[in-house]
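What follows is a single structure, written as structure tokens, with notes after it.
What you see is a predicted model, and the numbers here were worked out from it, not measured in a lab.
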Amino acid sequence: MKILVCISHVPDTTSKINFTDNDTQFDTNGVQFVINPNDEFGLTRAMWFKEKQGASVDVVNVGGPETEPTLRKALAIGADTAIRVNTQAKDGFQVAKELASVVQNGGYDLVIAGRESIDYNGGMVPGMLASLLGSNFVNTCINLDIDGSNASVTREIDGGKETVTTQLPLVIGGQKGLVEESDLRIPNMRGIMMARKKPLTVIDPVGASAETAVATFEKPAPKGAVKLVDNVDDLIDLLHNEAKAI
């Protein structure tokens with residue numbers, strides 16, 4: 001089985017976010033980037049298929065040279081090869097088109113993507129990718145088992161879970177539950193050294209055009225001042241007369 005894991009290069013959640021150019025561009029200065037958490041759950045599950053079923057695992061990113069350390073980390077975790085599509089990711093459709101070309105040229109049986117990235121939270125790429133490929137698609141996956149060309153997938157739905165069966169080729173949008181946080185792998189020194197020797201191929205984009213553009217970014221409004229009270233009567237008075245909550 002040949003697996004492709006889509007990797008997004010996203011800011012660490014502890015980073016301080018700022019914007020430039022009249023709030024139309026994300027300011028990357030001083031920002032630490034990591035593997036998108038939903039993608040990392042998928043990569044870890046792919047490692048299970050590699051170790052238990054002999055699958056090969058490639059990782060791919062659409063982005064510039066600045067994303068290569070993130071791809072190298074994925075290689076250190078255990079991926080066999082990495083691919084970087086040499087163009088800036090502008091919107092979900094453009095990324096899906098570029099990824100579709102990689103999948104078609106690589107002949108992959110299973111494509112694992114995160115259900116969304118934690119930077120823009122678009123949640124569009126896996127579904128559009130499956131549509132472009134004509135592949136089966138299951139989103140919000142929390143479990144995945146493969147037996148030959150048959151797949152059993154459990155996905156999260158409102159108020160519960162649903163298990164479906166389908167066939168390869170398959171695209172999934174994974175999330176926490178596909179593996180647990182305790183299963184995530186920290187690259188060790190051997191993995192880091194081996195990652196330096198693994199192939200990281202840079203390919204030209206197919207030239208897919210973006211269908212959307214950013215008009216402006218806006219940060220959430222700052223939180224208001226906090227009032228501290230030291231007795232229940234004052235709290236009830238504030239809730240009743242100021243907050244109008246009771």
Side-chain angles (χ1 to χ4, degrees), residues 3-17 26-28 30-49 57-100 102-103 108 110-130 137-144 155-156 171-187 191 195 200 210 212 214 217:
I3 302 175
L4 181 68
V5 182
C6 304
I7 300 293
S8 292
H9 173 78
V10 300
D12 188 282
T13 54
T14 61
S15 299
K16 185 177 180 180
I17 302 301
F26 173 59
D27 185 0
T28 61
V31 175
Q32 177 69 36
F33 285 84
V34 297
I35 298 175
N36 181 52
N38 287 319
D39 302 341
E40 192 168 4
F41 292 129
L43 175 60
T44 305
R45 187 59 178 164
M47 290 299 99
W48 187 92
F49 289 121
V57 178
D58 297 345
V59 292
V60 62
N61 168 264
V62 177
E66 69 279 359
T67 70
E68 291 191 4
T70 297
L71 286 172
R72 288 291 179 193
K73 181 181 178 182
L75 292 172
I77 288 172
D80 298 306
T81 65
I83 302 165
R84 179 173 67 82
V85 182
N86 189 31
T87 185
Q88 295 299 322
K90 297 182 177 67
D91 77 348
F93 180 74
Q94 176 234 3
V95 170
K97 288 278 285 186
E98 297 293 347
L99 291 176
V102 173
V103 176
Y108 294 97
L110 174 65
V111 179
I112 302 178
R115 66 177 176 87
E116 65 179 359
S117 60
I118 64 168
D119 49 4
Y120 296 105
N121 300 104
M124 299 179 290
V125 172
M128 288 194 291
L129 175 58
F137 173 57
V138 183
N139 204 14
T140 61
C141 292
I142 55 175
N143 189 59
L144 173 65
R155 69 187 190 101
E156 191 174 65
V171 178
I172 71 163
Q175 62 181 50
K176 181 180 178 180
L178 197 55
V179 300
E180 296 302 323
E181 289 187 15
S182 58
D183 297 322
L184 297 177
R185 305 181 180 194
I186 299 174
L200 194 164
T212 60
V214 173
F217 292 106

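In summary, the side chains of Asn36 and Ser117 do not present any donor paired with an acceptor at a separation below 3.5 Å, with no hydrogens or angles considered.
Between Val57 and Asp80, the closest side-chain pair of non-hydrogen atoms falls below 4.5 Å. With a 4.5 Å cut-off on side-chain heavy atoms, Leu200 and Arg84 count as touching. Side-chain atoms of Val10 and Val34, non-hydrogen and from C-beta on, do get closer than 4.5 Å to each other. Phe41 places none of its side-chain heavy atoms less than 4.5 Å from the side chain of Glu180. Side-chain atoms of Pro37 and Ile118, non-hydrogen and from C-beta on, do get closer than 4.5 Å to each other. Looking at Val59 and Thr81, their side chains never come closer than 4.5 Å, going by heavy atoms from C-beta outward. You'll find the side chain of Val102 reaches within 4.5 Å of the side chain of Leu4, heavy atoms only. Taking 4.5 Å as the limit, every side-chain heavy atom of Pro11 sits out of range of all side-chain heavy atoms of Gln32.
Checked against side chain to side chain donor-acceptor pair (under 3.5 Å), Asp183 has no partners two or more places apart in sequence or in another chain. Residues meeting the side chain to side chain contact (heavy atoms under 4.5 Å, CB included) test with Met124, sequence neighbours left out: Met128. With sequence neighbours left out, Thr67 forms a side chain to side chain donor-acceptor pair (under 3.5 Å) with Asn61. Judged as a side chain to side chain contact (heavy atoms under 4.5 Å, CB included), and not counting sequence neighbours, the contacts of Asp91 are Phe93, Gln94, Ala210, Glu211, Thr212. Applying the side chain to side chain contact (heavy atoms under 4.5 Å, CB included) rule to Thr28 yields the partners Phe26, Phe33; only residues at least two apart in sequence or on another chain are considered.
To the nearest 0.5 angstrom, Leu184 atom CG is 8.0 Å from Ile77 atom CD1. Separation of atoms SG (Cys6) and CG (Leu43) is listed at 11.0 Å; rounding is to 0.5 Å. Here the CD-CG distance, from Glu116 to Asn139, works out to 9.0 Å after rounding to the nearest 0.5 Å. The CD atom of Glu66 sits 5.5 Å away from the NE2 atom of His9 when rounded to the nearest 0.5 Å. The structure places NZ of Lys97 at 11.5 Å from CG of Leu129, a figure rounded to the nearest 0.5 Å. Taken to the nearest 0.5 Å, the OG1 atom of Thr87 stands 6.0 Å off from the CD atom of Glu98.
In terms of modelled atom types and a separation under 3.5 Å, the side chain of Arg72 and the main chain of Ala195 share a donor-acceptor contact. When atom types are taken as modelled, the side chain of Asp39 and the backbone of Ala113 share no donor-acceptor pair closer than 3.5 angstrom. Not one N or O on the side chain of Arg185 forms a donor-acceptor pair closer than 3.5 Å with the backbone of Thr44. No donor-acceptor distance shorter than 3.5 angstrom exists from the side chain of Asp58 to the backbone of Ala82, with no hydrogens or angles considered.
Contact record, Arg115 with Thr140: CD-CG2, 4.0 Å, taken as the closest heavy-atom pair. The minimum heavy-atom distance linking Val31 with Ser15 is given by the pair CG1-OG, 3.7 Å. When every heavy atom of Gly173 is checked against every heavy atom of Phe137, the shortest pair comes out as N-CE1, 4.0 Å. The shortest non-hydrogen separation linking Asn38 to Gly114 is CB-CA, 3.6 Å. Considering all non-hydrogen atoms of both residues, Asn86 and Gly64 come closest at OD1-CA, 4.4 Å. The two residues Cys141 and Ile172 have their closest heavy-atom pair at SG-CB, 3.6 Å.
The side chain to side chain contact (heavy atoms under 4.5 Å, CB included) with Leu99 is formed by just one residue from the set Val60, Val171, Ile83, Val111; it is Val60.
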message: Determine whether Ile35 and Thr70 satisfy the following criterion, side chain to side chain contact (heavy atoms under 4.5 Å, CB included), listing intermediate values before the conclusion.
response: CA-CA 6 Å; Ile35 298 175; Thr70 297; 3.5 Å; yes
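Both cation-pi conditions hold for Arg45 and Phe49: the charged atom is under 6.0 angstrom from the six-membered ring centre and inside a 45 degree cone around its axis.
Pairs passing the salt bridge (charged side-chain N to carboxylate O under 4.0 Å, His left out) check and including a residue from residues 3-13, sequence neighbours excluded, do not occur.
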